Amino acid sequence: MQAGVLVLAAGRGERLGESRPKAHVEIGGRSVLAHSALALARARCISHVLPVVGPGAEEVLTALRLEWAGPAQLLDAVRGGATRQQSVAHGLDALVARAPELDWVLVHDAARCLVKPEDAERVLRAALASGAALPVIAVTDTLKEVSDGRVLKTPDRANFKRALTPQAFRIDLLREALEQAERDGFEGTDCSSLVERLGAVVVTCEGRAENVKLTTPQDLERMRDQLAPGIPSQRRVLA
Ligand code: CTP
Ligand code: MG
């Protein structure tokens, strides 16, 4: 079973606060987008990798093409939209147009640049029966529902999981979910939430806690330690 993967890199990275989008930020001489795309391209189940990018990605894409080692095929990038969901919609349209033989798609946040090929294998395997799957990890902190600085309640954390990517879907199911969300004016922060709204079954598989999303400057420092040990991070040079 083969799938295409959309690597979402069109966000602005406001919480990271760098001068460029976070997918363009380099760790150990390689962009965050390239770390994700090159790792996913090594998964046996991935036949095509399609980057979804924002403005100013030309240099990063050129470097990615030069470094490309496959075995999956790197498709020309497409321009994302104003929201993650719009970026998924643009990417999916392009994937269907360029690789119409595919039945399955994975959607991955480029910002999860510690992703491994086995993350793709595991989630696609999990999705085969139901048509939709995502990796999850346990919540380890106690959860509080808070409003206006006051605790309303303490939900049982055993019932909650943290959602990661890559998430896997039958292409027709994700398309239907995107169309329905657009009709309803619903905006989700992941693709699973759109499919859940259809009443379809989404199954979970075991995620890896190390597959974190680069979001804050602290995440960047930790990732630099992991992906480029020995290269001092900018923060420590300045300190
Ligand atoms: N993303 C995208 N298109 C958008 C918004 C987000 O492709 N319009 C991508 C990001 O590039 C990222 C992933 O979706 O890889 C997860 O989004 P998030 O972590 O929120 O990234 P940003 O939106 O870039 O960051 P921030 O919210 O801090 O601005
Ligand atoms: Mg965002």
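Remember, predicted model here, so these are calculated numbers, not experimental data. Every number for a ligand or one of its atoms is a count from 1 in the order of the listing.
- A salt bridge between R98 and D76 is absent, with no side-chain N of the basic residue lying under 4.0 Å from a carboxylate O of the acidic one.
- Which parts of ligand 1 touch R12 is read off a 4.0 Å heavy-atom cut-off, strictly below it: atoms 24 (O).
- Within a 4.0 Å radius of atom 17 (O) of ligand 1, the protein contributes no heavy atom.
- Checking P21, A111, G81, G80 against atom 8 (N) of ligand 1, the nearest heavy atom belongs to G81.
- The hydrophobic clustering, which links ILVMFWY residues whose side-chain heavy atoms are closer than 4.5 Å, places V107 and L95 together.
- Counting protein heavy atoms only, atom 10 (C) of ligand 1 is closest to G11 N, 3.6 Å.
- Scanning the protein heavy atoms around atom 15 (O) of ligand 1, the nearest turns out to be L8 O, 2.7 Å.
- The protein atom (non-hydrogen) at minimum distance from atom 3 (N) of ligand 1 is S87 OG, 2.7 Å.
- Protein heavy atom closest to atom 24 (O) of ligand 1, with residue, atom name and distance, is G13 N, 2.8 Å.
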Fill in: Residue pair H24, S31: steps toward the side-chain hydrogen bond (donor to acceptor under 3.5 Å, both in side chains) verdict
CA-CA 5 Å; H24 302 186; S31 70; over 6 Å; no

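- The one candidate from T165, V123, T204 that meets the side chain to side chain contact (heavy atoms under 4.5 Å, CB included) condition with P135 is V123.
- Between K116 and D119, no side-chain nitrogen of the basic residue sits less than 4.0 Å from a carboxylate oxygen of the acidic one, so the salt-bridge criterion is not met.
- L178 is connected to V78 through a chain of hydrophobic side-chain contacts under 4.5 Å among Ile, Leu, Val, Met, Phe, Trp and Tyr, so both are in one cluster.
- For atom 13 (C) of ligand 1, the closest non-hydrogen atom on the protein side is D109 OD1, 3.3 Å.
- Under the 4.5 Å side-chain heavy-atom criterion for ILVMFWY residues, a single connected hydrophobic cluster contains both V7 and V60.
- Contacts with ligand 1 closer than 4.0 Å are made by heavy atoms of both the backbone and the side chain of R15.
- Close to ligand 1: A110, with a non-hydrogen atom less than 4.0 angstrom away.
- Contacts of Q86 with ligand 1, taken as heavy-atom pairs under 4.0 Å, are absent altogether.
- When non-hydrogen atoms are compared, ligand 1 lies under 4.0 Å from neither the backbone nor the side chain of R112.
- By the rule that hydrophobic residues join a cluster once side-chain heavy atoms approach within less than 4.5 Å of another member, V136 and V195 end up as members of one cluster.
- With a heavy-atom cut-off of 4.0 Å, A82 touches ligand 1 through its backbone alone.
- When hydrogens are left out, the protein atom nearest atom 19 (O) of ligand 1 is K213 NZ, 2.7 Å; that is the closest non-hydrogen contact.
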Practice prompt. Give the C-alpha distance, both sets of side-chain angles, the deciding distance and a yes or no for side-chain hydrogen bond (donor to acceptor under 3.5 Å, both in side chains) between T83 and E187.
Written response: CA-CA 8 Å; T83 64; E187 197 69 47; 2.8 Å; yes

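- In terms of protein heavy-atom proximity, atom 7 (O) of ligand 1 is nearest to A10 N, 2.9 Å.
- With hydrogens left out, the protein atom closest to atom 29 (O) of ligand 1 is E14 N, 2.7 Å, a heavy atom.
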Item to complete: For L50 and L6, run side chain to side chain contact (heavy atoms under 4.5 Å, CB included): C-alpha distance rounded to whole Å, both residues' side-chain angles, the deciding distance at 0.1 Å, then the answer.
Response: CA-CA 5 Å; L50 176 53; L6 309 180; 3.9 Å; yes

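- Ion pairing of D148 with R150 is absent here, as no side-chain N (NZ or NE/NH1/NH2) approaches a carboxylate O to less than 4.0 Å.
- In this structure, T83 counts as a contact residue of ligand 1, since one of its heavy atoms falls inside 4.0 Å of the ligand.
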